[in-house]
Amino acid sequence: MMKRTRINELLISDDLDREVVVKGWVKTRRGNKHVGFIALNDGSTIKNIQIVVDLEEKGEEYIKDVTTGAAIQVNGTLTASEGKGQTVEVKASEVIVLGKSHPDEYPIQPKKHTLEFLRENAHLRFRTNTFSAVNRVRHNLAFAIHKYFHERGYYYINTPIITGSDAEGAGECFKVTNFDLNGAPTDDKGGIDYAQDFFGKETNLTVSGQLEAEAGAMALGQVYTFGPTFRAENSNTSRHLAEFWMIEPEVAFADINDDMDLAEDFIQYVIRFALENCKDDLEFLDNRLADEEKQLPQDKRSMPLLEKLNFVVENDFERITYTEAIDILRNCKPNKKKKFQYLVEEWGMDLQSEHERYLVEKHFKKPVILYNYPKDIKAFYMKQNDDGKTVAAMDVLAPGIGEIVGGSEREADLVKLQTRMKEMDVPEEELWWYLDLRKFGTAPHAGFGLGFERLVVFVTGMGNVRDVIPFPRTPKNAEF
RNA sequence: UCCUCUUUAGCUCAGCUGGUUAGAGCACCUGACUGUUAAUCAGGGGGUCCUUGGUUCGAGCCCAAGAAGAGGAGCCA
């Protein structure tokens with residue numbers, strides 16, 4: 001029996017008038033009682049192949065089950081198309097319906113659906129042009145990430161998903177327990193006795209693999225993680241998920257400048273990879289975005305997707321310190337005219353989304369790396385600068401999505417780290433092993449965390465992280 | 001968690017100041033058409049107006065509570 005050929009191969013083939021077998025899902029069927037046209041897609045490309053069925057020979061009934069969504073096999077001949085709109089098509093000698101799709105019940109119609117509706121049909125939305133394109137781009141970005149690090153001598157390490165400490169200071173955790181929720185054993189003080197739980201201590205789903213990655217970097221030199229991350233924050237925004245994927249490189253003998261170089265080079269590399277390997281999909285997404293924004297006034301529209309990606313790849317990111325950013329913001333028009341909801345006045349304040357957006361989208365009009373933040377608004381493990389006021393932290397801000405990377409040089413000095421932990425009430429006992437890394441062969445090192453879904457949002461031009469992960473987990477939603 | 005908005009046919013939406021039998025486009029079904037491109041044309045079927053309670057002679061519409069969804073904010077990636 002002949003093997004099937006994938007549609008992406010057929011569409012670029014110039015080996016015509018040969019027997020082929022095609023399998024895929026029906027997008028639409030058109031025609032009359034004499035001839036039927038089927039648009040068929042198998043996921044190998046966003047493009048469909050046209051199947052032509054001679055109904056005078058087969059009879060009208062022959063393709064009555066070939067309806068939108070049905071899975072079919074077509075045996076036929078690859079020929080030059082007689083009609084306009086495509087160069088090749090398959091003249092069917094036999095059409096076999098592998099799986100029917102009842103047209104009355106199948107939710108995905110050959111028309112525009114809202115993203116909200118498709119979210120409720122996440123198991124079927126892969127079959128739409130938009131979501132198949134997004135998922136192919138997502139794959140290519142994931143692949144590019146591994147390729148980038150591998151080619152540069154980084155090791156992919158897997159840090160634990162179940163963690164024993166909640167001292168990492170990065171948001172609310174999901175608890176992991178084996179206790180029956182009605183009647184967990186209690187200790188003599190009336191609290192829950194975790195000593196009797198599966199791990200013998202309180203455990204959570206990881207909020208970050210960074211601390212463990214640091215342990216890897218302090219022996220393997222340069223490592224990265226790429227795994228699921230969980231935050232139990234009640235965040236209802238287009239930028240947050242309860243379960244998301246994060247990339248966390250960690251590099252020994254690197255300082256904050258090396259860290260910024262890495263982040264910039266890395267982001268440009270993976271975008272370039274997508275531009276080269278996802279041409280059709282990105283073109284489709286470029287059109288989709290333009291179409292979506294058609295009704296917006298000119299000044300509210302974002303830069304066309306492909307133009308934006310090429311711009312990011314070809315131009316250096318702007319690098320400014322937090323202090324410089326405050327100066328720019330303090331003297332900018334919206335601040336003076338009191339257009340900001342939070343006015344920028346004092347050094348030391350945390351920057352709000354509106355401020356970051358102003359810097360990226362209005363002032364510099366390109367990705368911006370902010371670094372050297374006040375120590376009081378950043379985490380305990382960041383390297384304290386000599387000025388006594390700032391830490392060597394950096395955030396990469398991208399137009400449209402905001403913070404895409406957060407990173408820092410890590411504090412390598414044991415005493416300084418311990419002092420900071422005391423000041424910030426971080427329990428030393430739980431992080432004894434993290435302190436050991438400073439006790440035995442400490443060295444300057446740096447790293448960052450990149451939210452994978454935010455990267456995919458940026459590259460696909462989708463407006464919501466829920467539409468770039470197949471089955472999003474958000475507050476009140478764990479369907480599928 | 002806070003603020004704002006939304007919830008009417010399978011989908012996208014309209015529904016006036018509270019008043020008879022709740023509408024349109026698409027989808028679906030039937031028919032027409034010899035090469036279509038989200039095919040086209042004609043006809044047809046299809047409703048727990050998110051839920052609960054209230055006001056009223058009368059509620060899709062007004063009031064209250066709740067649920068779900070979206071946008072923005074906070075937290076962050």
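All values derive from a computational prediction rather than experimental measurement. What's counted below: heavy atoms across the whole structure, side chains too, no hydrogens, waters or symmetry copies. Note on naming: letters A, B, ... go to the chains in the order of the sequence lines (proteins, then strands), and numbering restarts at 1 for each one.
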query = Which residues within residues 398-407 of chain A lie with some heavy atom under 4.0 Å of an atom in RNA chain B?
reply = Glu403(A), Ile404(A), Val405(A), Gly406(A)
key: Near-strand residues of residues 75-83 of chain A, defined as heavy-atom separation under 4.0 angstrom from RNA chain B   = Ser81(A), Glu82(A), Gly83(A)
Is there a donor and acceptor pair closer than 3.5 Å between the side chain of [X] and the base of [N]?
{"X": "Lys33(A)", "N": "G35(B)", "value": "no"}
{"X": "Gln50(A)", "N": "U36(B)", "value": "yes"}
{"X": "His240(A)", "N": "C75(B)", "value": "yes"}

Within this structure, what is the [atom1]-[atom2] distance for the pair [X] and [Y], rounded to the nearest 0.5 Å?
{"X": "Asn464(A)", "Y": "Leu241(A)", "atom1": "CG", "atom2": "CG", "answer": "8.0 Å"}
{"X": "Tyr154(A)", "Y": "Tyr224(A)", "atom1": "OH", "atom2": "OH", "answer": "11.0 Å"}
{"X": "His146(A)", "Y": "Ile247(A)", "atom1": "NE2", "atom2": "CD1", "answer": "8.0 Å"}
{"X": "Leu370(A)", "Y": "Thr321(A)", "atom1": "CG", "atom2": "OG1", "answer": "8.5 Å"}
{"X": "Leu309(A)", "Y": "Arg272(A)", "atom1": "CG", "atom2": "CZ", "answer": "12.0 Å"}
{"X": "Leu141(A)", "Y": "Ile271(A)", "atom1": "CG", "atom2": "CD1", "answer": "8.0 Å"}

ask   = With under 30° as parallel and over 60° as perpendicular, where do the rings of Phe273(A) and Phe143(A) fit, or are they tilted in between?
value = tilted
Determine whether a donor-acceptor pair (N or O, by modelled atom type, separation under 3.5 Å) exists between the side chain of [X] and the backbone of [Y].
{"X": "Glu243(A)", "Y": "Arg473(A)", "answer": "no"}
{"X": "Ser44(A)", "Y": "Asn8(A)", "answer": "yes"}
{"X": "Thr67(A)", "Y": "Ser101(A)", "answer": "yes"}
{"X": "Asn135(A)", "Y": "Phe131(A)", "answer": "yes"}
{"X": "Thr203(A)", "Y": "Gly164(A)", "answer": "no"}

inquiry  = Taking any heavy-atom pair under 4.0 Å as a contact, classify Glu89(A): base, sugar-phosphate, or nothing.
reply    = base
query = Base, sugar-phosphate, or nothing: which does Gln86(A) touch, judged by heavy atoms less than 4.0 Å apart?
reply =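 Counting heavy atoms under 4.0 Å across all strands, the contact made by Gln86(A) includes a base.
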Please report the distance, rounded to the nearest Å, between [atom1] in [X] and [atom2] in [N].
{"X": "Glu105(A)", "N": "C29(B)", "atom1": "CD", "atom2": "P", "answer": "12 Å"}
{"X": "Phe340(A)", "N": "G74(B)", "atom1": "CZ", "atom2": "P", "answer": "12 Å"}
{"X": "Glu243(A)", "N": "A77(B)", "atom1": "CD", "atom2": "C1'", "answer": "14 Å"}
{"X": "Ile377(A)", "N": "C76(B)", "atom1": "CD1", "atom2": "C1'", "answer": "13 Å"}

Atom pairs, N/O to N/O, protein against nucleotides 8-11 of chain B, distance under 3.5 Å?
residue: G10(B); atom: N2; partner: Gln109(A); partner atom: OE1; Å: 3.2
residue: G10(B); atom: N2; partner: Gln109(A); partner atom: NE2; Å: 3.2
residue: G10(B); atom: N3; partner: Gln109(A); partner atom: NE2; Å: 3.4
residue: C11(B); atom: O2'; partner: His113(A); partner atom: ND1; Å: 3.4
residue: C11(B); atom: O2; partner: Lys111(A); partner atom: NZ; Å: 2.6

Sequence neighbours excluded - side-chain hydrogen bond (donor to acceptor under 3.5 Å, both in side chains) pairs with any residue from [range]:
{"range": "residues 87-97 of chain A", "value": "Gln50(A)-Glu89(A), Asn75(A)-Glu94(A), Ser81(A)-Glu89(A), Glu82(A)-Lys91(A), Glu89(A)-Lys91(A)"}
{"range": "residues 335-352 of chain A", "value": "Thr323(A)-Trp347(A)"}
{"range": "residues 115-126 of chain A", "value": "Arg119(A)-Asp467(A), Arg125(A)-Asp467(A)"}

Which atom pairs link the protein and nucleotides 3-7 of chain B when you take only N or O atoms and keep those under 3.5 Å?
none

List, with names and distances, any nitrogen or oxygen atoms from the protein found under 3.5 Å away from nitrogen or oxygen atoms belonging to nucleotides 46-49 of chain B.
none

key: Check: Tyr371(A) ring centre within less than 6.0 Å of Tyr322(A) ring centre   = no
Contact list (N/O, under 3.5 angstrom) for nucleotides 39-41 of chain B vs protein:
residue: A39(B); atom: OP2; partner: Thr28(A); partner atom: OG1; Å: 3.1
residue: A39(B); atom: OP2; partner: Arg30(A); partner atom: NH1; Å: 2.5
residue: A39(B); atom: N6; partner: Gly31(A); partner atom: O; Å: 3.2

ask   = Tell me, which stems hold RNA chain B, with a stem being 3 or more Watson-Crick or G-U pairs in a row and both distances under 3.5 Å?
value =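 Detected stem regions: B:1-7 with B:67-73, B:10-13 with B:23-26, B:28-32 with B:40-44, B:50-54 with B:62-66.
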request  = Decide whether Lys476(A) and Asn236(A) meet the rule of one side-chain donor and one side-chain acceptor closer than 3.5 Å.
outcome  = no
Sequence neighbours excluded, every pair satisfying ring pair (Phe, Tyr, Trp, His ring centres under 6.0 Å) that has a member inside residues 23-75 of chain A = none
inquiry  = At under 4.0 Å between heavy atoms, how does the protein contact nucleotides 67-73 of chain B? Give one character per nucleotide, 5' to 3', with B, S or -.
reply    = -SSSSBB
message = Applying the side-chain hydrogen bond (donor to acceptor under 3.5 Å, both in side chains) criterion to Tyr381(A), which one of Arg420(A), Glu411(A), Gln210(A) satisfies it?
response =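 Testing Tyr381(A) for a side-chain hydrogen bond (donor to acceptor under 3.5 Å, both in side chains) against Arg420(A), Glu411(A), Gln210(A) leaves exactly one candidate, Gln210(A).
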